[in-house]
Amino acid sequence: MRTTQVLNGVWEFSFCGAEKPVPPFETREFTAVPGCFDLMEPHCGKRGYAVVKRKVFAGGLVELFIDGLGIKGEIFWDGVSVGSAPYAYMPESFVFDAGEKKSHELAVVLDNRFCEDFDPCFDFYGYGGIYGDVTLTLLPATHIERVLISTEDYKKGTIRVRASVSGGFSGEARMVFDTGFEKTVRMENGRYDGTFSLPDFRLWSVEEPSLHTLDFSIPGDEVVESFGIREFRTEGRHILLNGKPVKLLGFNRHESHPETGAAMPVQLIASDLRLLKANGFNFVRGSHYPQRAALLELCDKMGILVWEETIGWGVRPPLLHDEKFLSRQLEQVERLTLRNFNHPCIVIKAFLNENRCEFEETRRVIRSLYDRIRSVDEHALISFASNRYEEDVTTDIVDVVSMNPYPGWYDSTPETISTTDRVKPRLQELSDFLPKDKPFLISEIGAEALLGFRDPLKTYWSEEYQAELLCECFDYVLDHDDCAGVAVWHFADTRSYVCGNQIYGRARGFNNKGILDEYRRPKLAWTAVTALLRERGKR
Ligand code: ADA
């Protein structure tokens, strides 16, 4: 049977700068895991290699799980590499033989410098450290590798269960559901693939997020998976949840807080989600990277819809059209789709935020990523956030056409400055232009506002201007049945880089378009938009 140790706590640490640490790892300091080492003195803002390590009492076959790290890492067990975590924020599992049952050294060599998936200047701070839980599970030699559960017919409660077991196991597997329904099936060559209806099932929805559990066991091993029975589908301009149109109303959200960087404690994540759910919102775009396991679990339980996204921000040619880059992206989307397969809250699977989709050559990239997700998940709604608008040549490929327009902000001219008059006409213009047979989602829209800067003239950067702009947007979205929803840019002010062209637009080194500031203190826009939702019967 499995036993799991949580390895969070105080680990030994050293910051190594440009010099790659090699075993035996020497450490001089301590750090918190989860935690971002570059958030605090004496390593504040430094970039380079670091090593974190601790002792672990274990032996035999193990699975090490790390719920996201930054920006990349390599894992060592007693000084021997057992795997690498090449993608920032990606939750990763490593299965390896831990050897004799005794005390071993687990070390992670981190590198918080920019990696292959970023252009050098991007608009969120890439923290170094381990962002989420670290656990070590003892595995039986013959163990369950994966159980994927999908809804095939939400009206009848028909689900498909696909399971894989190591070592080509053939024999009986037992399934026990929370409803009391049981089923014994035969596995051949480590595989089971069966479709059947679950008696007494309940549907998962935003209003009633009912979850089921499946206890899947083979002799000597057992896992419990949580899942929801629901269907997302599109029909014309609508996204349907269980056959009914659902309008996505919510925010882009960075995993970021001034006190913890990207290693936010689950309690703070939960408090962000409660705040938005309690105020009439139902949607989070996980911008711009894989989300922590805890966030998805909370959204499953709370009935919050999630846009899942792999990392790849504003990538341009030649990188965008590079073969190595594409193969890394393909690996990312496949890993993420498999890992989060059973979460009913995921409404959209996405990649490559604001890529250069005006080029014909980019079609191949978008098509390959689309096909790779589809090969794992035949029901997923697939999209990406585009800022090429009328020039985007890939809208025929995706399931949901998502656009990041910034009317009243980035499109302002000296004549239009400080007026939100452009917001509704621009959204209408886009809506008229885009395909009518696919949902049109506003995946970003917003304006910078500094908390405390009040100005009746509604000048740029004032709380008043942002409030008016976002109210115009929500008015449009709620008035237009043919708009599938909006994710405001963004939930809370977030640390960014003060570099290059951003020095002009990133006061304090923050992206200040949060409807809340970085400590979640409300700006006028929050009060105005939540009041608007209340008036429109959304809360
Ligand atoms: C882009 C990008 C966001 C953020 C935003 C902004 O659309 O996707 O990450 O940078 O613009 O604030 O300008």
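Values reported hereafter were calculated over all heavy atoms of this structure, with side chains retained and with hydrogens, waters and symmetry mates removed. Position 1 is the first residue of the sequence, and the numbers go up from there. Order of appearance sets the numbers: ligands from 1, and atoms from 1 within every ligand.
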Students should find this: residues with any non-hydrogen atom under 4.0 Å from ligand 1. What is the answer?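 The 4.0 Å shell around ligand 1 contains Asp123, His288, Trp313, Asn353, Glu354, Asn404, Tyr406, Tyr410, Glu444, Trp489, Arg506, Asn511, Lys513.
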
Suppose we call two aromatic rings close when their centres sit under 6.0 Å apart. Are Phe227 and His343 close by that rule?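 Aromatic pair excluded; centres sit 6.0 Å or further apart.
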
Under 6.0 Å between the ring centres of His288 and Trp489?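 Yes: the rings meet the under 6.0 Å criterion.
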
Please determine if Asp517 and Lys523 form a salt bridge, counting it only when a charged side-chain N lies under 4.0 Å from a carboxylate O.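 No.
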
Near Lys46 NZ, under 6.0 Å, is it more than 12 heavy atoms from other residues, nucleotides or ligands?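 Counting neighbours around NZ of Lys46, more than 12 heavy atoms of other residues, nucleotides or ligands fall under 6.0 Å, so yes.
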
Got more than 12 heavy atoms from elsewhere within 6.0 Å of CZ, Arg363?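 Result for CZ/Arg363: enclosed.
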
Could you pull out the closest heavy-atom pair between Ser84 and Phe94, with the gap in Å?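 Closest heavy-atom pair between Ser84 and Phe94: O-CE2, 3.5 Å.
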
